[in-house]
Protein chains: 2
Amino acid sequence: MSQEPNQPAVELADAVPGAPRMGLRERKRAATMRRLQHVALEQFEEHGFDKVTIEHVAAHADVSPSTVYRYFGTKEALVLKDEYDDQLLAVAPMLIADGDVFGGFEKGLRLVGDSHLGLDSGLTLRRTRVWLETPSVRAAGFLQADQMAHDLARIVAESPGNDLDDEQALSVCTAAVMTVFAAIENWYRGAGGRDVVEMTLASLRTVRDAAARGASGPA
Amino acid sequence: MSQEPNQPAVELADAVPGAPRMGLRERKRAATMRRLQHVALEQFEEHGFDKVTIEHVAAHADVSPSTVYRYFGTKEALVLKDEYDDQLLAVAPMLIADGDVFGGFEKGLRLVGDSHLGLDSGLTLRRTRVWLETPSVRAAGFLQADQMAHDLARIVAESPGNDLDDEQALSVCTAAVMTVFAAIENWYRGAGGRDVVEMTLASLRTVRDAAARGASGPA
DNA sequence: ATCGTCCTGACAGTGACTTCCACTTTCCAC
DNA sequence: GTGGAAAGTGGAAGTCACTGTCAGGACGAT
């Protein structure tokens, strides 16, 4: 609890004209979640994920353990939860319209990645450390990626200019999403020295090229 | 504990001339593990993974809970543990020699898949049900697949006729392994009506074709 | 101010998993 | 065979993630 840089620079409701002003309740909730996640990450980095108990985190954030579970559900979610996935999912439909899943993926990544990952690479790296190196968090991360693959597959399968059925869409989306996972791991192993988005694009291109050997040819 | 069809048709040591005859200790151990896994799966199918406690499984298999943990480490491993992965890993080096990871994957799958999955598809399907539909088991399965991807990536990167570096190898292997995961899910959702190996090969081909659009071209 | 609604903290419980120890079984000379 | 070393087994005690419940307090509309 050394520092509390948790005030958002701009209140969401002030920035988005259409949104109804958040009540005190919602603002408190958002603040508590931010504080919890911040405290938790700090503790995880310092003592290791497994050594830190929920009770510990709760005490440091001045809430009860019950509240932690109400907000995050699992200990792993304290590390994994963010708005990144929803963003990618939101822009997905318009990107895959032409039937090129991998291509749409690259476009979407450029779009979301630049706005999200470019800024706080220091924090992101430390967070990624806990994510990739703690087995239980890593496992939960895969579950999340898996869910994302399923959501994308549904979007792809329902996309008009698309020639993949449900099963094929799942295969392709799983491959693409997990390639991103591998790319992030590569980025992390390189101590975050290079650009995440660029590395992810490179990974996707690598898989494309590797897969192209012996493919039936461009459809 | 309704049935105990757990005697192997042929003792391993009898079938493999080179192997030293297993001592009583090892034979007991193997038998107990088989019994435990059988009982556990039976209980999981009947009552659901989450409703069955380790204590329950241990009691039904006539061992103490301690022994279950000594043998399997986690509850999930009771579902996931098998010799399949090691087999695939064992044949991997000779298949990827030509630098075509996806192609080598298809060959390896045909090799191992036929011998392993062709026979007991009924049991495999019920086991897959627990695997895919229980979140914690599913997560552990991803961790296992992830480990496999890393092992394969190392093999690929060290393979002589290969032009991928460590990072590229990880990306490609992750994509390939997770594609298999998706294929198994597709197979399961189809109630196991079609051939697993064929469906997996089809998935790999689908990913190849999808990836080939916009690829830099066959190397 | 006030009343219904939502949220919080406290409590009690379950069960996975770990660690440790006394006891038994298997193995291996001899 | 037999005795001692090595390995395995069961049991007990403990930690901690996670769940469900419930009374009291804070919030929001009136």
Side-chain angles (χ1 to χ4, degrees), chain A residues 13 19-37 39-41 43-44 47-81 130 134-141 143, chain B residues 13 19-37 39-41 43-44 47-81 130 134-141 143:
Chain A
R21 179 124 178 69
M22 264 200 281
L24 175 57
R25 223 169 227 164
E26 291 169 78
R27 250 176 302 137
K28 263 183 150 178
R29 178 186 175 87
T32 303
M33 285 190 69
R34 240 178 298 120
R35 185 159 33 97
L36 265 171
Q37 215 160 9
V39 167
L41 209 53
Q43 298 293 317
F44 292 159
H47 305 108
F49 184 84
D50 296 324
K51 296 287 180 196
V52 178
T53 68
I54 291 281
E55 202 173 351
H56 192 101
V57 173
H60 273 68
D62 280 311
V63 293
S64 72
S66 311
T67 299
V68 180
Y69 283 111
R70 246 192 301 277
Y71 283 7
F72 291 93
T74 68
K75 192 180 176 187
E76 286 77 22
L78 279 166
V79 181
L80 292 175
K81 198 159 199 165
V130 179
T134 310
S136 66
V137 181
R138 191 179 176 102
L143 232 42
Chain B
R21 179 123 178 71
M22 264 201 280
L24 174 58
R25 207 128 67 188
E26 291 170 79
R27 250 176 301 136
K28 264 184 150 177
R29 179 187 177 85
T32 303
M33 286 189 69
R34 241 179 296 120
R35 184 158 34 99
L36 265 171
Q37 217 160 7
V39 167
L41 209 52
Q43 298 293 318
F44 293 159
H47 305 108
F49 184 83
D50 296 324
K51 297 285 179 197
V52 178
T53 68
I54 291 280
E55 201 173 350
H56 192 101
V57 172
H60 273 68
D62 280 311
V63 292
S64 71
S66 312
T67 300
V68 179
Y69 283 111
R70 245 191 303 274
Y71 282 7
F72 290 94
T74 69
K75 194 181 174 186
E76 285 77 22
L78 278 166
V79 180
L80 292 175
K81 199 160 201 165
V130 180
T134 308
S136 66
V137 181
R138 191 180 177 100
L143 232 42

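To find a chain, count down the sequence lines: A is the first, B the second, and so on, and within it residues start at 1. Values below: every heavy atom of this structure, side chains too, minus hydrogens, waters and symmetry copies.
The CD atom of B:E55 sits 14 Å away from the C1' atom of D:dA13 (whole-angstrom rounding). Computed from coordinates, the B:I54 CD1 to C:dT14 C1' distance equals 14 Å when rounded to whole Å. Nucleotide C:dT8 holds its C1' atom 13 Å from the CZ atom of A:R35, rounded to whole Å. Atom CE of B:M33 is separated from atom C1' of D:dT9 by 16 Å (rounded to the nearest Å). Rounded to whole Å, atom P of D:dA17 lies 18 Å from atom CG of B:D50. Look at NE2 on B:H56: it is 11 Å from P on C:dA16, rounded to the nearest Å. A:Y69 has its OH atom 8 Å from the C1' atom of D:dC16, to the nearest Å. To the nearest angstrom, P of D:dC16 lies 13 Å from CZ of A:F44.
B:Y71 has a side-chain polar atom (N or O) that falls below the 4.0 Å cut-off from OP1 or OP2 of D:dT9. Contact check, B:K28 against C:dT25: no side-chain N or O comes under 4.0 Å of OP1 or OP2. Between A:S64 and the phosphate of C:dT8, there is no side-chain N or O to OP1/OP2 separation shorter than 4.0 Å.
When distances run from any side-chain atom of A:R25 to the nucleotides D:dG11, D:dA26, C:dC17, the shortest one goes to D:dA26. Side-chain proximity of B:T74 to D:dG10, C:dC17, D:dC27: nearest is C:dC17. For B:K75, counting side-chain heavy atoms from C-beta on, the closest listed nucleotide (C:dC11, C:dC17, C:dC6) is C:dC17.
Contacts of A:R29 with the nucleic acid, taken as non-hydrogen atoms under 4.0 Å apart, are absent. When heavy atoms are screened at a 4.0 angstrom cut-off, A:V52 is found touching the sugar-phosphate backbone but no base atom.
Looking at B:T53, its side chain has no donor and acceptor atom pair within 3.5 Å of the base of C:dA16.
No side-chain heavy atom of B:V57 sits under 4.5 Å from any side-chain heavy atom of B:K75. Between A:Y71 and A:Q37, every side-chain heavy-atom pair lies at or beyond the 4.5 Å cut-off.
Between A:S66 and B:E76, it is A:S66 whose nearest contact on DNA chain C lies nearer the 5' terminus.
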Original post:
Passes side-chain contact (heavy atoms from CB on, under 4.5 Å), B:F44 versus B:L78? Steps please.
Top reply: CA-CA 10 Å; B:F44 293 159; B:L78 278 166; 4.2 Å; yes

